[in-house]
Novice: 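Before anything else, here's the structure in question.
In listed order, ligands and their atoms are each counted from 1. Atom set for the values below is all heavy atoms of this structure, side chains included, hydrogens, waters and symmetry mates excluded.
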Amino acid sequence: MSVCVTLVSARRAVAPACLWTGWSGWRKACAGGFRLVPSRARSGTRPRAAGHLPVRCCVQICVEGNIASGKTTCLEYFSKTSSIEVLTEPISKWRDVRGHNPLALMYQDPLRWGITLQTYVQLTMLDRHLSAVAAPVRMMERSIFSAKYIFVENLFRSGKMPEVDYAVLSEWFDWITANICIPVDLIVYLQTSPQTCHERLKQRCREEEKVIPLEYLESIHQLYEEWLIRRTSWPVPAPVLVIPADHNLQRMLHQYEENRAKILAASCL
Ligand SMILES: Nc1ncnc2c1ncn2[C@@H]1O[C@H](COP(=O)(O)OP(=O)(O)O)[C@@H](O)[C@H]1O
Ligand SMILES: Nc1ccn([C@H]2C[C@H](O)[C@@H](COP(=O)(O)O)O2)c(=O)n1
């Protein structure tokens, strides 16, 4: 059985290997997949160039796809490999921040609570990107990029986010990506039809998501396709491995196995 997989290369939006470029470059280089060193703010000393150059210490892969496309299931599969660390989306935080549930609030009243959820998503995703690495390969569910390019964009374009909220979130996002190096080596895009996701969403039956109509998943799908396939919307921060993901679980696991080598070789792309 042949399985269709497309590997689309992309010019990186952020340079993965940062040499000394002054304090701004240093701050960028020290984030994410780089070994952390004391910052000027913490130590008050400027790092010596030799011996302090940041060392790349892991391959970072982001698994992208529509809601209920199978990202968590994919990550669960790869989590059994000892050299791979998986980071799922911090959804438990989005459902409970000091006793509040911004995810539920956003679905109840996006115009009022969209900014609240997305501000927190941006923070928690940044935290995920920058957290200390524990294995040579890290697979992470979604990214700070899709949070902005897909979900914030969808709220705004559908008229469910006021322009001022969109502007403030965009300012934050632009500042973060201009000042902090967020290295991504590969994007694995689980490409599904919105109908498949709708079926899986109903089957998963997450309380907050019961209100999600098929049209919402269609909008998210279009934004993903614009970003990662047609490349007409936003910069793509890494090469994209497209895995068709409408298939049953058994066939999906087979595809994951077939793509294991490509995924693990992400640093060579
Ligand atoms: N290939 C598949 N075929 C059928 N159901 C699937 C498949 N992959 C995942 N599921 C189920 O669909 C639901 C959503 O999957 P999940 O991995 O949680 O998606 P995501 O993390 O992208 O939201 C879950 O109930 C999961 O068990
Ligand atoms: N920036 C984001 C990211 C996610 N969500 C919502 C969408 C889903 O209801 C839930 C988690 O998604 P899944 O992992 O199941 O695809 O969080 C959002 O609103 N904004």
Novice: With a 4.0 Å cut-off on heavy atoms, is Arg251 touching ligand 1?
Specialist: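 Outside the 4.0 Å threshold, so no.
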Novice: Side chains of Tyr149 and Glu226: is there a donor and an acceptor less than 3.5 Å apart?
Specialist: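 No, no side-chain donor-acceptor pair sits under 3.5 Å.
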Novice: Under the criterion side-chain contact (heavy atoms from CB on, under 4.5 Å), which of Ile263, Ile243, Leu190 is the partner of Val63?
Specialist: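 Looking at Ile263, Ile243, Leu190, the match for Val63 under the side-chain contact (heavy atoms from CB on, under 4.5 Å) is Leu190.
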Novice: Check each atom of ligand 1 against the heavy atoms of Ala68 and keep those under 4.0 Å away; list them by number with element.
Specialist: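 That gives atoms 14 (C), 19 (O), 20 (P), 22 (O), 23 (O) of ligand 1.
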Novice: List the protein residues in contact with ligand 2, where contact means a heavy-atom separation under 4.0 angstrom.
Specialist: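 Lining ligand 2 at under 4.0 Å, by heavy atoms, one finds Asn66, Ile67, Ala68, Lys71, Glu89, Ile91, Trp94, Leu103, Met106, Tyr107, Leu117, Gln118, Val121, Glu141, Arg142, Ala147, Phe151, Arg204, Arg206, Glu209.
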Novice: Tell me which protein heavy atom sits closest to atom 23 (O) of ligand 1, plus the residue, atom name and distance to 0.1 Å.
Specialist: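 Protein heavy atom with the smallest distance to atom 23 (O) of ligand 1: Arg204 NH1, 2.7 Å.
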Novice: Working to the nearest 0.5 angstrom, can you tell me the gap between Ser219 OG and Leu214 CG?
Specialist: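 Those atoms lie 9.5 Å apart.
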Novice: Among all protein non-hydrogen atoms, which one is nearest to atom 1 (N) of ligand 1, and what is the separation to 0.1 Å?
Specialist: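 Atom 1 (N) of ligand 1 sits closest to the protein heavy atom His247 O, 2.9 Å.
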Novice: List ligand 1 atoms under 4.0 Å from Glu141, heavy atoms only on the residue side.
Specialist: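 Close to Glu141: 21 (O).
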Novice: Hey, is Glu207 close enough to Arg95 for a salt bridge, meaning N to O under 4.0 Å?
Specialist: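 Here Glu207 does not pair with Arg95 in a salt bridge, since their nearest N and O are not under 4.0 Å apart.
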Novice: Which atoms of ligand 1 sit under 4.0 Å from any heavy atom of Met252?
Specialist: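 Once the distances to Met252 are compared, the set is 1 (N).
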Novice: Around atom 19 (O) of ligand 1, find the nearest protein heavy atom and jot down its residue, atom name and distance.
Specialist: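 Looking at atom 19 (O) of ligand 1, the protein heavy atom closest to it is Gly70 N, 3.1 Å.
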Novice: Under 4.0 Å from any heavy atom of Thr72, which atoms of ligand 1 are there?
Specialist: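 Per the distance check, 17 (O), 18 (O), 20 (P), 21 (O).
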Novice: Would you confirm whether Arg200, through its side chain, and Ser69, through its main-chain N or O, come within 3.5 Å as a donor-acceptor pair?
Specialist: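 Checking the backbone N and O of Ser69 against the side chain of Arg200, a donor-acceptor pair under 3.5 Å is found.
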Novice: Which residues, ordered by chain and number, are linked to Leu105 in its hydrophobic cluster, where ILVMFWY side chains connect at heavy-atom gaps below 4.5 Å, directly or through other members?
Specialist: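 Cluster partners of Leu105: Trp113.
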Novice: Using a 4.0 Å heavy-atom cut-off, say whether Asn248 meets ligand 1 through its side chain, its backbone, both or neither.
Specialist: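 The backbone, only.
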Novice: What protein heavy atom sits nearest atom 9 (C) of ligand 1, and how far off is it?
Specialist: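 Residue, atom and distance for the closest contact: Thr73 OG1, 3.3 Å.
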Novice: What residue and heavy atom of the protein are closest to atom 4 (C) of ligand 1, and at what distance?
Specialist: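 Answer, as residue, atom name and distance: Arg200 NE, 3.7 Å.
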Novice: Which residue and atom name correspond to the protein heavy atom nearest atom 27 (O) of ligand 1, and how close is it?
Specialist: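 Minimum-distance protein heavy atom for atom 27 (O) of ligand 1 reads Gln203 NE2, 4.1 Å.
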Novice: Is Gly65 in contact with ligand 1, taking contact as a heavy-atom separation below 4.0 Å?
Specialist: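 Outside the 4.0 Å threshold, so no.
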Novice: When hydrophobic residues are tied together by side-chain contacts of less than 4.5 Å, even through go-betweens, does Leu103 share a cluster with Leu111?
Specialist: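 Different hydrophobic clusters.
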